[in-house]
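Below is one structure; the comments refer to it alone.
Indexing begins at 1, ligand by ligand and atom by atom, following the structure's order.
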Amino acid sequence: MRQKLPKILVTGGAGFIGSEFVRQGVRRGYPLVVVDKLTYAGDRRRLLGVRGGYRLYRADICRPASLESVFRAERPPIVVHFAAESHVDRSIQRATPFTMTNVLGTQITLDLARQYRVERFIHISTDEVYGPIARGRFSEGSPLSPSSPYAASKAAADLLVKAYARTFGLPALIVRPSNNFGPWQHPEKLIPVVVLKALRRESVPVYAKGENKREWLYVSDCVAAVFAVLAKGTPGEVYNVGSGQEQRNIDTVRQILKLLGRPPRLIRYVQDRPGHDYRYSLDSSKVRRLGWRPEVDFAEGLEETVRWCLGHRRWLDGKRAELKALWRKVYKS
Ligand code: NAD
């Protein structure tokens, strides 16, 4: 007989990575509860293909009373915390929502996890907390040196999680993934924004000369790593999750244009993002020791993502109106 799996409360489950967690969680047989404020970045349509197995509460993690009503009703033994303001450019335009959700919201979620005695709290952090690295790779013990307000708010959240583990014995673990990509990513982020603009034959903005490097992780691999940490990770520990597949942004952009049959002359170099980190790179041997391996090769994942975008043009186009004001500010276009 199949063992009954514990209930997981997923914050930010209507977001890009959180919704993939819900898809995989339901497939694995976990009962799931999603808490999401459904900000501009949250979208229920990401969960349309998921049949049953989860309940969605529209709630703001910065509001203790509404979040507590979910904990009281559901009493989840596990919390996986994805909810965040996640876009660096927006944090440069206005940092307050980042400090509110990523710092205060995390602290409120931690308080409730403690009060309701959760048995595992998985906090989803980011490689950006380490800042840039010219050579070599960051290990979990590397110092935190965030550059953007987004990265600083995530680093602050990490420190709160560590403090709750030490002070209150909360069984919390931190996962630090590298840049994710894949289906359902909001077109404010590099890969889908390039697809969206190229499809419309609009100029494709690239910061500086596009020399910045990112370590690309396919979203299903990222979520598989979160499940590995949930099953086998040690409370109090941090786990880097990277694919080892590094790319210069300009090469990524050129590959997308090629896949779409669009000319490289669409590329328009724009003034660099302030405080733009040149390179991120993670030593992920610790999570690999839990048995996790990335399965999706970058080129294959990129093709799959572009194919997905072609099949979801209306969804992507629907996000354009709201993005125009942001693009005017950050790309000066
Ligand atoms: P996303 O922006 O797609 O999703 C965030 C979700 O959180 C949305 O559904 C949004 O509605 C929800 N949310 C925002 N504020 C909230 C609040 N106050 N209360 C409740 N819900 C709220 O983000 P993502 O790309 O899926 O990232 C998920 C997590 O992974 C974040 O913590 C992010 O920092 C981290 N991360 C992302 C990447 C990446 O490349 N996307 C890489 C490393 C780490």
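Under the 4.0 Å criterion applied to side-chain N and carboxylate O atoms, Glu140 and Arg176 are not assigned as salt-bridge partners. Using a cutoff of 4.0 Å between basic side-chain nitrogens and carboxylate oxygens, Glu246 and Arg279 are scored as salt-bridged.
For His276 (side chain) and Asp272 (main-chain N/O), no donor-acceptor pair under 3.5 Å exists by modelled atom type. For the pair Arg58 (side chain) and Val35 (backbone), a donor-acceptor distance under 3.5 Å is absent. Judged by distance alone, the side chain of Gln245 and the main-chain N or O of Val296 form a donor-acceptor pair under 3.5 Å. No donor-acceptor pair under 3.5 Å is formed between the side chain of Asn102 and the backbone N or O of Ser153.
Looking only at protein heavy atoms, the nearest one to atom 36 (N) of ligand 1 is Ser125 O, 3.8 Å. Taking atom 3 (O) of ligand 1 as the reference point, the nearest protein heavy-atom neighbour is Phe16 N, 3.0 Å. With respect to atom 4 (O) of ligand 1, the closest heavy atom belonging to the protein is Gly15 CA, 3.4 Å. For atom 9 (O) of ligand 1, the nearest protein heavy atom (residue, atom name, distance) is Asp36 OD2, 2.6 Å. Among protein heavy atoms, the minimum distance from atom 5 (C) of ligand 1 is reached at Ala84 O, 3.5 Å. Looking from atom 29 (C) of ligand 1 to the surrounding protein, the closest heavy atom is Phe82 O, 3.3 Å. Counting only heavy atoms of the protein, atom 15 (N) of ligand 1 lies nearest to Thr101 CG2, 3.5 Å.
Residue-level proximity to ligand 1 for Asn179 is carried by the backbone, the only part with a heavy atom below 4.0 angstrom. Using a 4.0 Å cut-off between heavy atoms, Ala59 contacts ligand 1 through its backbone alone, with no side-chain atom that close. When heavy-atom distances to ligand 1 are checked against a 4.0 Å cut-off, Tyr40 has no atom that comes that close, whether in backbone or side chain.
From Trp184, atom CH2 reaches atom OG of Ser19 across 8.0 Å, with rounding to the nearest 0.5 Å. Atom CG of Leu217 sits about 4.5 Å away from atom OG of Ser178, to the nearest 0.5 Å.
Considering both main-chain and side-chain atoms, Asn180 comes within under 3.5 Å of ligand 1 through a nitrogen or oxygen pair. At least one N or O atom of Ile17 sits closer than 3.5 Å to an N or O atom of ligand 1. In terms of polar-atom proximity, defined here as any N/O pair under 3.5 Å, Tyr150 does make such a contact with ligand 1. The N/O atoms of Pro177, backbone and side chain alike, include none that comes under 3.5 Å of an N/O atom in ligand 1. Ligand 1 has an N or O atom lying under 3.5 Å from an N or O atom of Ile61, backbone or side chain. No N or O atom of Glu85 sits closer than 3.5 Å to an N or O atom of ligand 1. Residue-to-ligand polar distances keep Lys189 apart from ligand 1: every N/O pair is separated by 3.5 Å or more. Residue Arg46 has no nitrogen or oxygen atom sitting less than 3.5 Å from a nitrogen or oxygen atom of ligand 1, judged on distance alone. Below 3.5 Å of separation, one finds no N or O of Ala83 facing any N or O of ligand 1.
Taking every heavy atom of Ala14 and a limit of under 4.0 angstrom, the matching atoms of ligand 1 come to 9 (O). Per-residue contacts place Ser86 under 4.0 angstrom from the following atoms of ligand 1 (heavy atoms of the residue considered): 1 (P), 2 (O), 23 (O). In summary, the atoms of ligand 1 found under 4.0 Å from a heavy atom of Asp60, numbered by their order in the structure, are 17 (C), 18 (N), 19 (N). Ligand-side atoms of ligand 1 in range of Ser178: 42 (C), 43 (C), range being under 4.0 angstrom from any heavy atom. Of all atoms in ligand 1, numbered sequentially from 1 with element shown, those under 4.0 Å from a heavy atom of Leu38 are 11 (O). The contact set between ligand 1 and Gly42, taken as ligand atoms under 4.0 Å from a residue heavy atom, comprises 8 (C), 9 (O), 10 (C), 11 (O). Proximity to Lys154 (heavy-atom distance under 4.0 Å) selects the following atoms of ligand 1: 31 (C), 32 (O), 33 (C), 34 (O). Within ligand 1, counting atoms from 1 as listed, the ones closer than 4.0 Å to a heavy atom of Lys37 are 16 (C), 17 (C), 18 (N), 19 (N), 20 (C), 21 (N), 22 (C).
By the 30° and 60° cut-offs, the orientation of the rings of His186 relative to Trp315 is perpendicular.
A centroid separation of 6.0 Å or more is found between the aromatic rings of Phe82 and Phe16. Ring centers of Phe138 and Tyr280: at least 6.0 Å apart, outside the cut-off. Phe227 has its ring centre less than 6.0 Å from the ring centre of Tyr30.
With Phe121 as the partner, the side-chain contact (heavy atoms from CB on, under 4.5 Å) test is satisfied by one option alone out of Leu173, Val80, Leu9, Thr109: Thr109.
Hydrophobic cluster membership is shared by Val223 and Val10, with clusters built from Ile, Leu, Val, Met, Phe, Trp and Tyr side chains linked at under 4.5 angstrom.
Tyr54 is linked by a ring pair (Phe, Tyr, Trp, His ring centres under 6.0 Å) to nothing, counting only residues two or more places apart in sequence or in another chain.
Looking at every heavy atom in both residues, Ser281 comes nearest to Gly136 through CB-O, 3.6 Å.
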